[in-house]
Every structure is written in structure tokens, then in C-alpha cells.
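Since the structure comes first, as C-alpha cells, the remarks are kept for the end.
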Number of protein chains: 2
Amino acid sequence: MTPQRGRRRRGTKAANIYDVAKKARVSVFTVSAVINKSDQVSAALQRRVEVAIRQLNYRPNLLARSLAKQRTHTIGIVVPDIANPFFPLVVRGVEDIAQKAGYSTLLCNSDNQREKEEHYLELLLSKRVDGILLTMAPGRLTPWLQRMLAEVKVPLVLVMRTSKDLKTDAVLTDDYKGAFEAVAHLARIGHRRIALVSGPLGVSNGTARWKGYREALEANGLTCDPDLIAEGDYRTESGHRAGLTLLPRRPDAVFVANYLMTVGFMQAANEMEMRCPEDFGLVSFDDYPWLRCFRPRLTTIELPKYELGAKSAQLLLKRISGMQGRSTVQKLEPQLRVRESCGFTLHLRNVDRKVFPHDSQKGKELDVASRPTLIREKLADDQPAATLTRD
Amino acid sequence: MTPQRGRRRRGTKAANIYDVAKKARVSVFTVSAVINKSDQVSAALQRRVEVAIRQLNYRPNLLARSLAKQRTHTIGIVVPDIANPFFPLVVRGVEDIAQKAGYSTLLCNSDNQREKEEHYLELLLSKRVDGILLTMAPGRLTPWLQRMLAEVKVPLVLVMRTSKDLKTDAVLTDDYKGAFEAVAHLARIGHRRIALVSGPLGVSNGTARWKGYREALEANGLTCDPDLIAEGDYRTESGHRAGLTLLPRRPDAVFVANYLMTVGFMQAANEMEMRCPEDFGLVSFDDYPWLRCFRPRLTTIELPKYELGAKSAQLLLKRISGMQGRSTVQKLEPQLRVRESCGFTLHLRNVDRKVFPHDSQKGKELDVASRPTLIREKLADDQPAATLTRD
DNA sequence: TTGTAGGCGTTATCAA
DNA sequence: TTGATAACGCCTACAA
């Protein structure tokens, strides 16, 4: 009993490969071969098929193809929140690489909630994506899911955060180092009471940045005062709360572990009528193009977001195409970008101005609240012990 | 000849519905009914099936389901660039609504290139998405694709930009009105030579904002000087170029049609050592939380980004579930947020200070370069002829 | 209530 | 080179 494909009510649905075959008076194999450019079709038939395809406005059904080939050419990416300005560039990096390789990207927002995350992971597995990129929510993975991910053998690459529960590939930024540099810089220019607005400690990079902070203090002979530490959740409001708590304790400076919390922190400072860098120095994590043109211009640790996404996707695609070998952890280099929120020039004024010939040439007062752009940048190039940019 | 489903080499591949059926000693129908909660299964069998599902770690293959049901429960969204800070919130709005309705979201970046966009649209059609959200690239749609979109009858909602070529639903912000308000505000506070950094005129909201600018000038008895207009492409670099071109012509103020271009523009101002609002007033389009805490605090036209995405998705889902009726155009309301970049207080200083009792109470000099937060906000509430927020 | 078998649109195997 | 036909995994009319 051969299936009676051809007898479809014409016009109502999209043409399929059988329709094309019939119209071109060939078999479905031939059509399939033409579609997949399998060159083992005579030129004559090839042309006939192509004509039929055009006439019927035929478009291969990738769903059916995926089912047959057991390959969806789709990857899933689960991030906490695409609206957190950190992630768009990461996702863009992913999407660029994926699309070049013929893959589509399914986007999921977990809001850092384990439940949502697991829901999405299951969904992605059900959709039979070829691979998954994951920025894990805090907390531990359900053993359930953990087992499932292992059994199903879908390539999985962790992005930005690692997990004890998942022994897979990961692509990270070196957050320990970044935080260390940030705090070391603050210490170097004379700050003593350095506060921390930390990310959630349930997340690997939260603890990494926290550790960098602590060890940088230690390395600079400063003691770690618990009263100067506040744990946030990487969202604006937690930075705001941290500011309200910390600022009254009069730290010399503060290291804030991500951009959104810095925004909240600055908001708190505004409300309390405290100014940066006059009243407190600040180094923020994660840089954005617009930070160069608003004041106070933030001193930041730049994280290579696009590259992070791109590398993650590249690794994932390699795994998808069968690359074997132990799981890998790549760490990308962060970069200290010195501007004025750290209070650098504030200190310089009292210390040593002759280092900057450029300064006197300009014949201007070195006013922190104005735009000492060139001065700061010049200086950046001479900074030792840190990776700096010419911003 | 019944298909011999059951005889699969066990262990190597995921279990399917036949495996479950066999293990539970029932038919596939029963399994399917259980999976889809079709309640017409006796409790006993139901339990048997559920046990089998658990034992086999069975997970329905949504690919196969989609193929059978002709429904993928997936929508595609094509935006110019998710790394443009405008879009993440839009996408987030979409994703939230979609996921609540059981839909997944395929993300595509067109870079405003017709070619990429069309590539993605075709891909989405081939993937048989149930609907498409599209922020169109400049220029006209290929007649080819145009016809195809019509024939294939996939619900399509335009987001943020309309098109003459596509007679479908659209959800927009009222950009004409927003631009008008922005420029009218500048005129109202005394600026005469008002420049424009426009978006691409090949895009509907580019021309809408441009028109708003022109008519606001007219309404305020100002003439439109072509030398004070620069067309950008919504990206940072074009704003930078516009700044280098426009600033030497000494406009009183400038209206910049989106945030990224404002960033570029401010960068140019920095390089030219010109200050905002002292040397030029500025109103930017599109607001962000962090604009409240860096100086100059930008006066902006806020666009409801999240809502834009959410409404688009809602409309799309309705169409997907069969809603009939003529195509719709929804316009969301923009909102003027007065801060200091427009030069408001600068003018106030010379005009009328008594309006602000709060000011004198504070016993402070009204210094534009510092943080006249409360003053500005107070004032905002009294502003007529514009939708304002208490920021 | 449960089972059977055809259909969804491809790919892939095996003959011819 | 081509053709016929069995997977792929699920849904669902129709039968029992």
C-alpha cells in the first residue's frame, strides 16, 4: 500500500516534495537530490525540477528535514535577562557565529530563576536543539535535570558562569583578575576604605569578583571590613540599596561588581547628595561605549562581551560537529579602563603633576568635574601592572 | 504492512512514543492521550503510562509533533541589531508574552540590511514558524518575498516601523508626536537655531521624527535650515559624524533621533570641547534608566519599549490563533522627560526663579553642572503641553 | 475506552 | 542515474 501523497487539495497548503516530483515527472528522490545539490542528477532532470519548484513556489520544510535527519540546526541560549545590557552583545556574538554556520538561535530569559531555567532547558531538549548555551541561575541544578542533560548528550557550553553540577565546557571572563585589578587600582591611588557591592554569591562569577576584591585588599595591606560589603543581585535596585547602606559609612571608594548595580549606586549617591569622585571613588565592572561621554566618566573593567558570545558559540558548534575531548574552560581577559570616577586625578592633583606634560600645554586648570579627557588617556598608557586601553 | 516501530536498538537513542507504549503494554494512542492530558484514558492505564514514561525518561519530540500538527509554537523576531540598546527590552517584552502562551522565540539580526533580512524571513518560513515579528530594514521589499509572505499566510506584525509594501498589522510608537514634543520643548525654552540628527529617511520612523521636527519648528515660528540637519543611520558613528558637522555651525540646540547617535554626538562634542547644555542644548530620543544618574542628564523622549514588544507579541498571537479583521496600526505614546541637557535651567536662571520655592529652600546656588535633581523634577510636573514624568 | 494505521514532509537505503 | 519505500516521531480519524 503505497502512500497516496499526490492527492492533496491544491491551493490550500504549501507544496511539498511530492507535488514537485509529480509536476516535474520525476521521483521524490530526484527532487530531494536537486534541493540538496547532490550533483548526481542529470542536467535535464535538474532543470525540470527547478522549474517545477519555481512554479509551485516550493519551499523545503525544515521541520520535516530535521525530523528525518535528527538535526535541527538550531541552538538554544538561556540568559538571565536580555534586558540587562551585558547580554545583548553576548547574544549578538552568538548569533553571528551561529548564523554563519547555518544555525538559528532560540532565545530564553531565565531571570536568574532556577525554575524558569529548568523549564527552558527541558523545552529546548524537547525541541531537539543541537546544542545549548547557558548562563546558569544561582543555586544547584536539580539532580533530575542534571542526569537528563548527561543522558541526552546535547552539547552544552556554560557562558560567563560555571557550575559544580555541570562538568561541561565553559567560556568565561577572568573575573577574579578583573576584580583584583579594579581594587588594586583603587588601593594604588590611595584609597584605604574600599567598599564592595558584590554580585550574588550563589553565582560563580559573584564569588570570583568577591575573591578578587578580598585578595587585592590583602595584597595592598588593607583589611577587609565586612561593614563595607553589600551583596546585590546584579540588578539596579540592589545597587541602589547597597548605596544607601554603604555610603553613610563613608568609604573612600567602592568597587561595584556590575554595571546595573553601579547605576543604582549612583542613583543612591545622587539622592544623598554625594558626588563621585569627590566624595567617593568608584570602579565599575563591565564597560559601555556611552560611559566615555557622560560624567562622571566611569573607570571600569571592560569585559569582551561580543567575543564571549562568539567563542561560546564556536566551541558549541565544534562540539555539535563531533569534537571530542575533555571539557574546556576558556577565560577571556578583562581590561582596566581608567577614567575619572576612581578619583585618580583627584589624587594626582596633590601628588605629581609633572608626569603630564600634556597637561600644562593645555594651559588649563585640571578640573575633575570637567573633561580632562586627554590627560587621563595619556596617563593610562603609562600605567603599569594593569591592562589598559586608549579609550 | 504495519510499521515495525518497536525494534529499535535500545540505549543509543531517546525513547519514543512506541517504546513507552510497549513498556506500558498499551497502544500509542493511549500514550499520546496521556501526554496531551486528554482525560479519556482510564486511571489505571494512565498510571501505567506515566510510570513507563518516567522509567524510559521519555520526552516528547516537539519536532514530530509540530510536523504532525502543522504548528511549531515558535515565532520569529527580526530586529536590526539586538546590541542596539533599544531592542533588548522590546525583545524581552515579546519573549515574556510568547513564553506565557507556550511559544518560543527565534531571534534574528538583520543589521538593517535588506539582504540579511530577506534571508532570515525565508529561513523563518522554511522553519514554519507560526508568526513573525519584524522591524523592517530600510528600502523596499523584494516583490518576490512580498508575494511569498502573502501567499504563505503567516501572521506578520511590523514592530516600530511600517512599510508601504506590507499591508499588515503594526505596533509603533508615535514618533511624529515624540519628535514634535522634543523640538517644541526646545523652542519653548528659547532655542532658535535647532539642529536635527535624523534617523535614516528610508525608514518610516526616520521620516516621522524628521517630520515632527519640521512641523514643530514651523509651529513655533522657526525656519528650517537644511544646514542644521544631518541624516544618520541610528548608529553611534553616524551621530559622531553629525556632531563634527553640525556643532561648528553653532546651533542653539539639537534634537537627536535616537540614543546611539546621541552617544556619538556627545563624543564629538567632547572632542570639540563643547559642553552640554552650556554650549548647546540637546534632547534625545529614547530613554534609559542610567541617564538619570550621569551628567549631563539628558532630556529625552521615552519610548515604551517593553510594552512595544509585549503588544506586538499579543497581537501576533491573536492573529495566530485565528483572529480575523482588517490589519491594525497601534501607536504607543511617547513621553517627554525633562532633565537638564536641553538647557532648561540655564534659561530659567535668566528668566524666572520664583516658580521654584523648593530651590531657595535648599539655600544653594542653582548650578547646572551639579545636581539640581529635585528642582528639575518639581518643575516637570507643572509643564503643560507635554507628557511628563516624575523621573 | 482503546487500538490501528495513515499522514505530516523529509531523508536514506536498496534495487533496478 | 533514478525509483520505490521505509524510517523519523507524533497525531488522529476511524474501527473495534
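Per chain, numbering begins at 1; letters A, B, ... match sequence-line order. The model shown is predicted, which means the values in this text are computed figures rather than measured ones.
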Rounded to the Å, how far apart are [X] [atom1] and [N] [atom2]?
{"X": "B:I17", "N": "C:dA5", "atom1": "CD1", "atom2": "C1'", "value": "14 Å"}
{"X": "B:N61", "N": "D:dC10", "atom1": "CG", "atom2": "P", "value": "5 Å"}
{"X": "B:K37", "N": "D:dC11", "atom1": "NZ", "atom2": "P", "value": "12 Å"}

Item to check | Note, B:T74 side chain near A:K127 side chain (heavy atom, < 4.5 Å) | outcome: yes
Given [options], identify the nucleotide with an atom nearest to the side chain of [X].
{"X": "B:V41", "options": "C:dT11, C:dT2, D:dC10", "value": "C:dT2"}
{"X": "B:S32", "options": "C:dT10, D:dT2, D:dT12", "value": "D:dT12"}
{"X": "A:N16", "options": "D:dA4, C:dT10, D:dG9", "value": "C:dT10"}
{"X": "B:K69", "options": "D:dT12, D:dC10, D:dT2", "value": "D:dT12"}
{"X": "B:Q70", "options": "C:dG9, C:dT2, C:dT11", "value": "C:dG9"}
{"X": "B:Q40", "options": "D:dC11, C:dT2, C:dT11", "value": "C:dT2"}
{"X": "A:S42", "options": "D:dC8, C:dG3, D:dT2", "value": "D:dT2"}
{"X": "A:S27", "options": "D:dG3, D:dC10, D:dT12", "value": "D:dG3"}

Item to check | Below 4.0 Å: OP1/OP2 of C:dG3 and any side-chain N or O of B:T30 | outcome: yes
Checklist entry - If only side-chain N and O atoms of B:Y18 are considered, is one of them under 4.0 Å from the OP1 or OP2 phosphate oxygen of C:dT4? => result no
Next on the checklist: Donor-acceptor check, side chain of B:D169 to backbone of B:S327, threshold 3.5 angstrom: yes or no?
Outcome noted: no
Checklist outcome for this item: Note: for B:F29 and B:L67 on DNA chain D, the residue whose nearest nucleotide lies more 5' is B:L67
Next on the checklist: Salt bridge or not between A:R92 and A:D96? Use side-chain N to carboxylate O under 4.0 Å.
Outcome noted: yes
Item to check | NZ (A:K318) with more than 12 external heavy atoms under 6.0 Å | outcome: no
